[in-house]
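Contents: one structure, followed by commentary.
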Amino acid sequence: MLTDSHCHLDFNVFHHDRAIQLHQAFSAGVRRIVVPSVARQYWQRTLQLSGEFCGVRLYPALGLHPFFIAEHSKNDLNILDSLLAQYSGRIAGVGEIGLDFSKKKYDEESVLQDSKEQQLELFEGQLMLAQKHKLPVILHVVKAHDQTLKLLRQYPDVNGVVHAYSGSLSQAEQYIKQGFKIGVGGAITWPTAKKKRELFALLPLESLVLETDAPDMAPDGLKGQRNTPDQVALIARFLAECRDEPESLIHRVTSDNVEQVLQLTDPCSP
Ligand SMILES: [Zn+2]
């Protein structure tokens with residue numbers, strides 16, 4: 001059994017063929033998919049995706065993504081707070097949340113500075129909600145691992161997944177110490193990602209989870225195309241290769257790891 005711990009099946013690019021994608025994922029061995037949302041407009045849609053479809057179980061997570069900081073409003077946190085209470089027991093975690101300090105979106109340093117402050121405020125607000133509702137978090141962190149780790153130390157009870165991990169070995173060890181799992185995605189298949197493969201070979205398998213981040217982060221053969229959840233099987237194969245471990249072990253342990261850290265309550269039970 002494979003678990004895709006991070007797939008944006010709620011995005012519009014899957015509207016026309018979501019059922020086909022789920023059938024393909026099922027054929028590739030995928031049985032569970034966590035669907036993190038990125039902004040308020042996706043929350044209801046993500047909640048509707050909870051349950052079993054075409055043999056695959058879908059688990060929604062609700063959050064405000066740092067990359068879309070300009071689209072979020074202050075009141076979104078209050079709405080998130082009430083949805084987390086209303087759907088208590090049916091939500092896998094608070095996510096996708098975090099800090100993205102990459103420069104790609106900002107032409108000027110001053111704009112990035114303003115955004116950093118807003119992102120920190122929004123991130124902390126969501127960490128507080130995770131703590132309040134006793135939920136794990138799904139983190140998106142780019143060029144901000146030290147700031148994230150510093151903030152997380154104030155929330156020692158909060159753990160979760162660091163998705164599409166891009167930090168160092170020592171930063172990974174600090175996340176793991178706080179109970180986080182490290183997300184391994186399509187980047188592991190890229191010819192340029194030798195360092196990443198070395199890092200994922202060094203970390204304990206008990207700390208790793210698999211993810212596609214579909215429709216983004218397409219693996220090597222699909223570059224430039226829409227990524228899909230069945231590709232998690234390819235990511236598992238690459239991880240097995242670079243760790244020199246059997247694929248079946250990778251499937252089982254990484255699935256167990258997702259179950260351990262995210263709240264995967266049976267979406268089909270009343
Ligand atoms: Zn994502």
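Since the model is a prediction, treat every value here as computed from it, not as a measurement. Values reported hereafter were calculated over all heavy atoms of this structure, with side chains retained and with hydrogens, waters and symmetry mates removed. Index from 1, following the sequence.
Looking at L22 and L9, their side chains come closer than 4.5 Å, going by heavy atoms from C-beta outward. E71 places none of its side-chain heavy atoms less than 4.5 Å from the side chain of R40. In this structure the side chain of Q171 reaches within 4.5 angstrom of the side chain of D146, judged on heavy atoms. Residues E206 and V253 have side chains in contact (heavy-atom distance under 4.5 Å, counting atoms from C-beta outward). Between I182 and Y175, some side-chain heavy-atom pair lies under the 4.5 Å cut-off. Under the 4.5 Å side-chain criterion, counting only non-hydrogen atoms from C-beta, V30 is not in contact with D230. V56 has its side chain out of reach of R31: every pair of non-hydrogen atoms, C-beta onward, lies at least 4.5 Å apart. By the 4.5 Å heavy-atom criterion applied to side chains, S37 and W43 are counted as neighbours.
Figure legend: cation-pi geometry between R243 and F200 absent, as NZ or CZ is not positioned both under 6.0 Å from the six-membered ring centre and within 45° of its axis.
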>> Quick one, V209 with T3, criterion side chain to side chain contact (heavy atoms under 4.5 Å, CB included). Give me CA distance, side-chain angles, the key distance, then yes/no.
In response: CA-CA 8 Å; V209 298; T3 303; over 6 Å; no
>> Pair V34, D4 - check side chain to side chain contact (heavy atoms under 4.5 Å, CB included), show working.
In response: CA-CA 6 Å; V34 178; D4 184 352; over 6 Å; no
> Under the side chain to side chain contact (heavy atoms under 4.5 Å, CB included) criterion, do L262 and I138 qualify, and how do the steps go?
Replying inline: CA-CA 9 Å; L262 297 183; I138 298 170; 4.1 Å; yes
> Does the pair H145 and Y165 meet the rule for a ring pair (Phe, Tyr, Trp, His ring centres under 6.0 Å), with working shown?
Replying inline: CA-CA 10 Å; H145 286 290; Y165 188 67; 5.2 Å; yes
>> For R226 and D17: C-alpha separation, side-chain torsions, deciding distance, then whether salt bridge (charged side-chain N to carboxylate O under 4.0 Å, His left out) applies.
In response: CA-CA 12 Å; R226 180 182 64 157; D17 67 347; 2.7 Å; yes
>> For a salt bridge (charged side-chain N to carboxylate O under 4.0 Å, His left out) check, start with the C-alpha distance between E198 and K194, then their side-chain angles and the critical distance, and finish with the verdict.
In response: CA-CA 6 Å; E198 285 167 4; K194 188 168 169 270; 3.2 Å; yes
>> Would T254 and N257 count as a side chain to side chain donor-acceptor pair (under 3.5 Å) here? Give the steps.
In response: CA-CA 5 Å; T254 56; N257 293 343; over 6 Å; no
> Would T148 and L139 count as a side chain to side chain contact (heavy atoms under 4.5 Å, CB included) if you check the C-alpha gap in whole Å, the side-chain angles of each, and the deciding distance to 0.1 Å?
Replying inline: CA-CA 9 Å; T148 301; L139 299 184; 4.1 Å; yes
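Cluster membership check: V162 shares its hydrophobic cluster with L199, using side-chain heavy-atom separations under 4.5 Å among Ile, Leu, Val, Met, Phe, Trp and Tyr. Linking ILVMFWY side-chain heavy atoms closer than 4.5 Å, directly or via other members, places L149 and I97 in a single hydrophobic cluster. When hydrophobic clusters are built by joining Ile, Leu, Val, Met, Phe, Trp and Tyr residues whose side-chain heavy atoms come closer than 4.5 Å, directly or via intermediates, F67 is grouped together with V137. Hydrophobic cluster membership is shared by L2 and L249, with clusters built from Ile, Leu, Val, Met, Phe, Trp and Tyr side chains linked at under 4.5 angstrom. When hydrophobic clusters are built by joining Ile, Leu, Val, Met, Phe, Trp and Tyr residues whose side-chain heavy atoms come closer than 4.5 Å, directly or via intermediates, V141 is grouped together with L203.
In the model, H8 has no side-chain atom that pairs as donor or acceptor with a side-chain atom of D216 under 3.5 Å. Using a 3.5 Å distance cut-off with no hydrogens or angles, the side chains of K181 and Q260 do pair a donor with an acceptor. Defined by atom type and a distance below 3.5 Å, a donor-acceptor pair is present between the side-chain atoms of N12 and R45. Side chains of E124 and Y155: a donor-acceptor N/O pair is present below 3.5 angstrom, by distance only. Side-chain polar atoms of Q231 and N227 form no donor-acceptor pair below 3.5 angstrom. With hydrogens and angles left out, the side-chain atoms of H72 and Q118 include no donor and acceptor closer than 3.5 Å.
A salt bridge is defined here as a Lys NZ or Arg NE, NH1 or NH2 lying under 4.0 Å from an Asp or Glu carboxylate O, and K132 with D81 meets this definition.
When all heavy atoms are compared, the tightest approach of F238 to I188 is CD2-O, 3.7 Å. The two residues P229 and I33 come nearest to each other via the heavy atoms CB-CD1, 3.8 Å. Of all heavy-atom pairs between A92 and P136, the closest is O-CG, 3.3 Å. In terms of heavy-atom proximity, Q119 sits nearest to P66 at OE1-CB, 3.5 Å. Between H140 and V142, the shortest heavy-atom contact is NE2-CG2, 3.6 Å. Smallest separation of non-hydrogen atoms from L64 and Q126: N-OE1, 2.8 Å.
One finds the OG atom of S5 at 13.5 Å from the CD atom of E259 (value rounded to the nearest 0.5 Å). With rounding to the nearest 0.5 Å, the separation of CD1 in I235 from OG1 in T212 is 6.0 Å. Here the OG1-CD1 distance, from T228 to I20, works out to 12.0 Å after rounding to the nearest 0.5 Å. In this structure, CD1 in I69 is found 11.5 Å from CD in E117, a value given to the nearest 0.5 Å. Remark: R18 CZ to C54 SG distance equals 11.0 Å, nearest 0.5 Å. For the atom pair NE2 (H16) and CZ (F14), the distance works out to 9.0 Å, reported to the nearest 0.5 Å.
Formation of a donor-acceptor pair under 3.5 Å by the E245 side chain with backbone atoms of I250 is not found in this model. Here the side chain of S88 pairs no donor or acceptor atom with the backbone of A85 at under 3.5 angstrom. With S255 contributing its side chain and R252 its backbone, the two residues share no donor-acceptor pair below 3.5 Å. Between the side chain of W190 and the backbone N or O of K223, no donor-acceptor pair lies under 3.5 Å.
Counting non-hydrogen atoms of neighbouring residues, nucleotides and ligands closer than 6.0 angstrom, the CD atom of Q154 exceeds 12 such neighbours. In the displayed structure, R32 atom CZ is contacted under 6.0 Å by more than 12 heavy atoms of other residues, nucleotides or ligands. Atom CG of D244 sits in a sparse spot, with 12 or fewer heavy atoms from other residues, nucleotides or ligands closer than 6.0 Å.
Checked against the 6.0 Å centroid criterion, the rings of F68 and H65 qualify as a close aromatic pair.
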